[in-house]
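Take this structure, written in structure tokens, and hold onto it; I'll ask about it next.
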Amino acid sequence: MLNIENLKVAYGKAVALHDVSMRVEEGELVTLLGSNGAGKSTLLKTISGVNRALAGRILWKGQEIQNQPSHVVVNQGIIQVPEGRAVFPDLSVAENLRMGAFTRRDEDGVASDLEEVFELFPRLKERRQQLAGTLSGGEAQMLAIARGLLAAPKLLMLDEPSLGLAPVLREAIYRVIQQIYQEKGITILLVEQNARWALKVATRAYILENGRITMEDTGAALAANPDVQRAYLGH
Amino acid sequence: MVPVMDSLFLQQVLNGLITGSVYSLIAIGLTMIFGVMKISNFAQGDYSMVGAYTAVFVMAWVGGWLGWVGSVLAAAAVVGLLGVVTERLVFRPLMTRWTDIDMIMVSIGLFILLENLAQLFFGATPRMIDDPFGGRTINLGVASTSLLRLFCFVFAGVAIACLELFLNRSRMGVAIRATSQNRFAAQLMGIDINQVYRLTFGVGALLAGVGGVLYGTLFAIYPMMGALPTLKAFAVTILGGMGNIRGAIWGGLILGVAEALGGNYIAMEYKQAIGFFIIILVLLVKPSGLFGRKEGA
Amino acid sequence: MSARLRKILLWAAALVALFLVPHVVEDRYFMHIVVMAGIFTILTLSWNLLAGYTGQLNLGHAAFYGIGAYTSAILAMQTGLSPWLGLFAGGLVAAFFGLLLGFPALRLSGPYLAITTIGFAEILRLVAMNWVDLTRGSLGLSGVPLLTPIKIGDFTMQFYFERDYYYVVVAAVLFTLFCIRRLIGSEFGVTLQAMRDDEAGAQSIGINPSSYKLAVFTISAFFAGFAGGLFAHFARLVSPELLALHNTFDVLTMTMIGGLGTIAGPILGAVTLTFLSEALRYMEEVIKIDIRLIVYGLLLILTILFMREGLVGVIKNSWARMKGGR
């Protein structure tokens with residue numbers, strides 16, 4: 001579904017991604033691991049059309065989408081749940097969710113998706129009129145994911161969904177993501193620092209280091225790899 | 001306007017509220033543009049000036065209150081269009097290579113250009129808008145005012161109410177608010193940011209244009225008239241917090257009343273400076289404005 | 001020929017040329033324009049010092065100009081102070097106001113600073129209009145004394161004709177240039193540029209940006225006030241109009257079009273636009289419409305959009321392209 005070929009991205013003179021190639025097939029949950037500054041967020045931003053690619057191609061269902069404006073990419077169904085939640089602080093929870101469905105024209109579909117999302121995140125339903133800026137970290141993360149779901153994504157990209165959350169909340173987020181994957185069958189690209197869980201649920205996984213893909217394999221295989229274990233699993 | 005001696009204070013307050021509502025209108029456009037695009041538009045008052053001149057021409061064609069209402073609508077259309085055009089030609093190219101200096105300078109350039117083009121086309125002689133109500137006054141018990149001025153106040157209120165509806169109920173309106181809060185997240189929602197910019201500027205200019213008609217109804221119309229409303233709009237925006245629309249509404253009313261009272265009780269000559277005193281005071285004490293969040297000036 | 005020798009020769013040639021101008025050009029009106037161009041050059045150089053080297057946008061620059069003019073005029077007319085000293089007095093008083101404005105300026109940036117400086121100038125302009133006892137209000141002060149004659153031995157230099165003021169203004173511009181170049185080249189100047197490029201980094205090595213910014217504000221104001229004094233004794237009329245916003249806009253437009261942040265830019269901008277303004281005024285007789293300021297506004301917009309580095313940048317690029325072509 002998503003094919004990235006030889007992608008090169010730079011911020012001014014500083015090259016952030018050198019010749020990155022990877023793919024996400026329909027129905028997969030692909031994990032991208034990497035430490036801070038490896039370029040994970042940059043990659044997602046480039047896929048989403050927020051960053052410019054200097055070279056290389058991004059193919060979605062065979063069509064080139066690199067350097068397309070972001071609203072075009074989103075309209076294709078490629079939805080990103082950004083790092084650090086990035087909710088709209090002065091909009092209510094309900095308004096945030098409606099923004100998630102911005103590109104959709106099917107009112108009925110949106111309504112039923114909203115119901116499902118409230119079932120998945122009952123806390124959000126309670127707080128639907130509350131301003132998103134007043135939510136706790138965990139609630140905001142749930143809102144961000146719910147907002148992403150409301151876009152009826154064909155590919156859902158999650159940038160470090162567990163970042164900055166207490167272990168209990170992290171578990172809750174993981175369970176939700178797993179539920180979304182298994183129940184809805186949405187294709188997922190997951191970017192994480194918490195390797196253990198991310199590799200466990202992954203169909204396939206990549207390691208990104210200093211702007212280059214250094215490893216690619218199934219989730220289980222990478223989890224068993226001693227180098228990976230040392231660098232990312234703290235063994 | 002007939003001053004009633006024992007309630008002179010209330011009379012001044014009423015006058016101040018009416019003038020203030022016009023300030024609010026012009027300032028809302030400025031604060032919206034700043035909130036969404038971080039642009040300080042020094043040409044905002046010139047948008048008002050164009051609106052005022054639109055009214056002059058419409059009312060020369062269709063007189064009476066029909067002409068006046070028509071000129072408000074015409075000004076909205078003309079100045080809204082002007083806003084969209086200037087956004088695309090003058091401001092959008094700079095959005096990708098941003099510096100504060102450039103943005104301020106280019107809007108100053110626009111300011112100089114517009115007011116001198118107006119001088120060229122319309123001449124320097126001041127114009128007035130004829131009172132479509134023929135000078136009728138209305139007595140509100142504690143104070144009185146002309147029917148026309150009351151209508152200005154009402155119109156300003158209606159315009160602001162329409163804006164609130166737009167920003168809260170319409171798809172693009174909420175999108176504009178979202179973009180002003182987090183541009184990156186707005187892009188991820190599939191919002192076309194360029195469309196947001198265009199709409200923000202169009203609406204911001206439109207409001208200034210309508211405000212210009214009202215301003216021109218209250219005061220004289222001449223090519224250089226844009227400078228004062230610009231500065232007052234900035235005063236109001238800073239008072240209310242840059243980007244804060246509620247703040248701009250309240251700020252405008254406060255400035256209007258402060259000017260009326262200050263001009264009357266302190267010194268008439270320095271009436272125009274009251275706005276500046278307020279700016280300087282607010283910036284020294286609470287830079288984020290009365291209603292602003294601590295985002296740092 | 002060494003670079004240094006070439007530079008000295010160029011300067012010498014320029015000085016000679018400058019000296020000869022009034023001997024070649026007889027037209028008084030032309031001299032008048034040249035003097036005004038010189039005064040504007042001092043204004044642009046001083047504004048540029050603040051905006052180009054510390055990034056602070058002072059939209060109240062005209063206030064310093066007006067303060068300098070009023071100070072020198074009032075001192076000459078009320079106390080009989082020599083106008084020559086009045087020039088420096090005007091500069092000093094303006095510098096004081098510069099310091100005054102500089103303090104709140106430290107805490108403000110971008111549009112907030114811009115608006116505060118506009119407000120500062122407007123308030124002072126209103127004071128000039130209303131403090132009639134001191135300033136005669138909107139009537140202004142007329143009959144400001146000329147610069148008093150200088151006697152060197154048997155030779156007396158009078159300051160009556162435009163060409164006499166031409167020499168004074170050229171000397172003033174050179175003096176301003178000299179001071180600014182020394183400043184920029186000194187340790188102070190190097191620190192300034194470090195601050196401009198990376199304020200946080202500069203702070204981390206112990207530099208206190210505030211004192212630098214205040215100093216530059218004061219110096220900028222001094223030269224503007226000095227220029228104001230020159231104007232007062234040249235035009236012999238001082239009015240609140242001098243503090244008006246459009247004067248600052250003129251200075252700002254000249255600097256941007258010439259090239260912000262350079263030394264040649266303000267000079268180029270001031271001279272070019274003063275002469276352009278006159279050319280357009282002349283054209284007005286022919287085409288019957290006044291398009292001077294329309295051109296100003298348009299040029300400012302076009303400069304920022306298409307030639308951000310100003311005329312200096314355009315010249316540099318053409319020069320580089322010509323050299324590269326060979």
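Chain A is the first sequence line, chain B the second, and so forth, proteins listed ahead of strands; every chain is numbered from 1. Everything numeric here is computed off the predicted structure, so don't read it as measured data.
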task = Determine yes or no for a side-chain-to-main-chain donor-acceptor pair under 3.5 angstrom, with C:Asn247 supplying the side chain and C:Leu242 the backbone.
result =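 Between the backbone of C:Leu242 and the side chain of C:Asn247 there is a qualifying donor-acceptor contact (under 3.5 Å).
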C:Phe217 and C:Asn58: side chain to side chain contact (heavy atoms under 4.5 Å, CB included), yes or no, with the steps?
-> CA-CA 9 Å; C:Phe217 231 105; C:Asn58 177 9; 3.9 Å; yes
Check whether any side-chain heavy atom of C:Ile123 lies under 4.5 Å from a side-chain heavy atom of B:Phe277, and answer yes or no.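 Yes, close enough: below the 4.5 Å cut-off.
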### Message
Can a donor-acceptor pair be found, under 3.5 Å and without considering hydrogens, that links the side chain of B:Arg92 to the backbone of B:Tyr197?
### Response
no
Distance col, row C:Leu49:CG vs C:Ser220:OG, nearest 0.5 angstrom, shows 6.0 Å
Query - Proximity of B:Phe234 and B:Phe42 rings by center, below 6.0 Å - result: yes
_How long is the straight-line distance from CD1 of B:Ile104 back to CG of B:Asn41, given to the nearest 0.5 Å?_
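If I round to the nearest 0.5 Å, the distance is 11.0 Å.
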* Neighbours of chain C found in residues 107-115 of chain B - heavy atoms under 4.5 Å ->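 The stretch touches chain C at B:Ile108, B:Gly109, B:Leu110, B:Phe111, B:Ile112, B:Leu113.
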Contacting moiety of C:Leu57, where chain B heavy atoms sit under 4.5 Å
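Contact with chain B involves the side chain of C:Leu57 alone.
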_Shorter than 4.5 Å, heavy atoms on both sides: which option in B:Ile101, B:Thr237, B:Thr99 has the most such pairs with chain C?_
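Result: the option with the highest number of such pairs is B:Ile101.
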Counting heavy-atom pairs under 4.5 Å with chain C, the top scorer among B:Asp102, B:Val106, B:Leu94 is B:Asp102
Between C:Leu305, C:Leu252, C:Thr116, who has the most heavy-atom pairs with chain B when the cutoff is under 4.5 Å?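 Between C:Leu305, C:Leu252, C:Thr116, the count favours C:Leu305.
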Is the distance between the ring centroids of B:Phe57 and B:Phe122 less than 6.0 Å?
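So the answer is yes for these two rings.
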### Message
Once rounded to the nearest 0.5 Å, what's the spacing between atom CG of C:Leu192 and atom CD1 of C:Ile184?
### Response
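So the CG of C:Leu192 and the CD1 of C:Ile184 are separated by 6.0 Å.
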* **Inter-residue atom distance C:Thr218.OG1 - C:Leu101.CG, 0.5 Å rounding** =>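 Here the interatomic distance stands at 10.0 Å.
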By residue number, those in residues 83-90 of chain B with heavy atoms under 4.5 Å from heavy atoms of chain C are B:Leu89, B:Val90
- request: Please examine the side chains of B:Val36 and B:Ile176, heavy atoms only from C-beta on, and report whether any two atoms are closer than 4.5 Å.
  value: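 They are in side-chain contact.
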request  = Calculate, to the nearest 0.5 Å, the distance between atoms OG1 and CG belonging to C:Thr303 and C:Leu298 respectively.
outcome  =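 One finds 9.5 Å between OG1 of C:Thr303 and CG of C:Leu298.
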When every non-hydrogen atom of C:Phe223 is compared with those of C:Ile42, the smallest separation belongs to O-CG2, 3.5 Å
B:Gly243 and B:Phe34: which non-hydrogen atoms are nearest, and at how many Å?
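Heavy atoms only, the tightest pair is N-CD2, 4.3 Å.
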When the ring planes of B:Tyr215 and B:Tyr23 are compared, do they come out parallel, tilted or perpendicular, using 30° and 60° as the limits?
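B:Tyr215 and B:Tyr23: tilted rings.
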Whatever's closer than 4.5 Å to a heavy atom in chain C on B:Asn116 counts as both
- Which pair of heavy atoms, one from B:Tyr222 and one from B:Ala124, lies closest together, and at what distance?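 Shortest heavy-atom separation between B:Tyr222 and B:Ala124 comes out as CB-O, 4.2 Å.
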**Request:** Please examine the side chains of B:Gln44 and B:Ile33, heavy atoms only from C-beta on, and report whether any two atoms are closer than 4.5 Å.
**Result:**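 B:Ile33 vs B:Gln44: side chains touch.
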When rounded to the nearest 0.5 angstrom, what distance separates NE2 in C:His246 from CG in C:Leu293?
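Here the interatomic distance stands at 8.5 Å.
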* Asked: Checking heavy atoms, do the side chain of B:Leu117, its backbone, both or neither come under 4.5 Å from chain C?
  ->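 Answer is both: backbone and side chain atoms of B:Leu117 are under 4.5 Å from chain C.
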For residues 255-281 of chain C, give me every residue with a non-hydrogen atom less than 4.5 Å from any non-hydrogen atom of chain B.
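C:Met256, C:Leu260, listed by number.
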key: Any donor-acceptor N/O pair, B:Trp250 side chain to B:Gly240 backbone, under 3.5 Å   =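 No.
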Filtered by a 4.5 Å non-hydrogen cutoff, the part of residues 124-139 of chain C contacting chain B is C:Leu126, C:Val127, C:Asn130
- prompt: Can you tell which of C:Ile118, C:Leu113, C:Leu59 has the highest number of heavy-atom pairs within less than 4.5 Å of chain B?
  reply: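 Top option by heavy-atom pairs under 4.5 Å: C:Ile118.
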Q) Would you say B:Thr19's side chain and B:Asn15's backbone share a donor-acceptor pair under 3.5 angstrom? A)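 Confirmed, B:Thr19 side chain pairs with B:Asn15 backbone.
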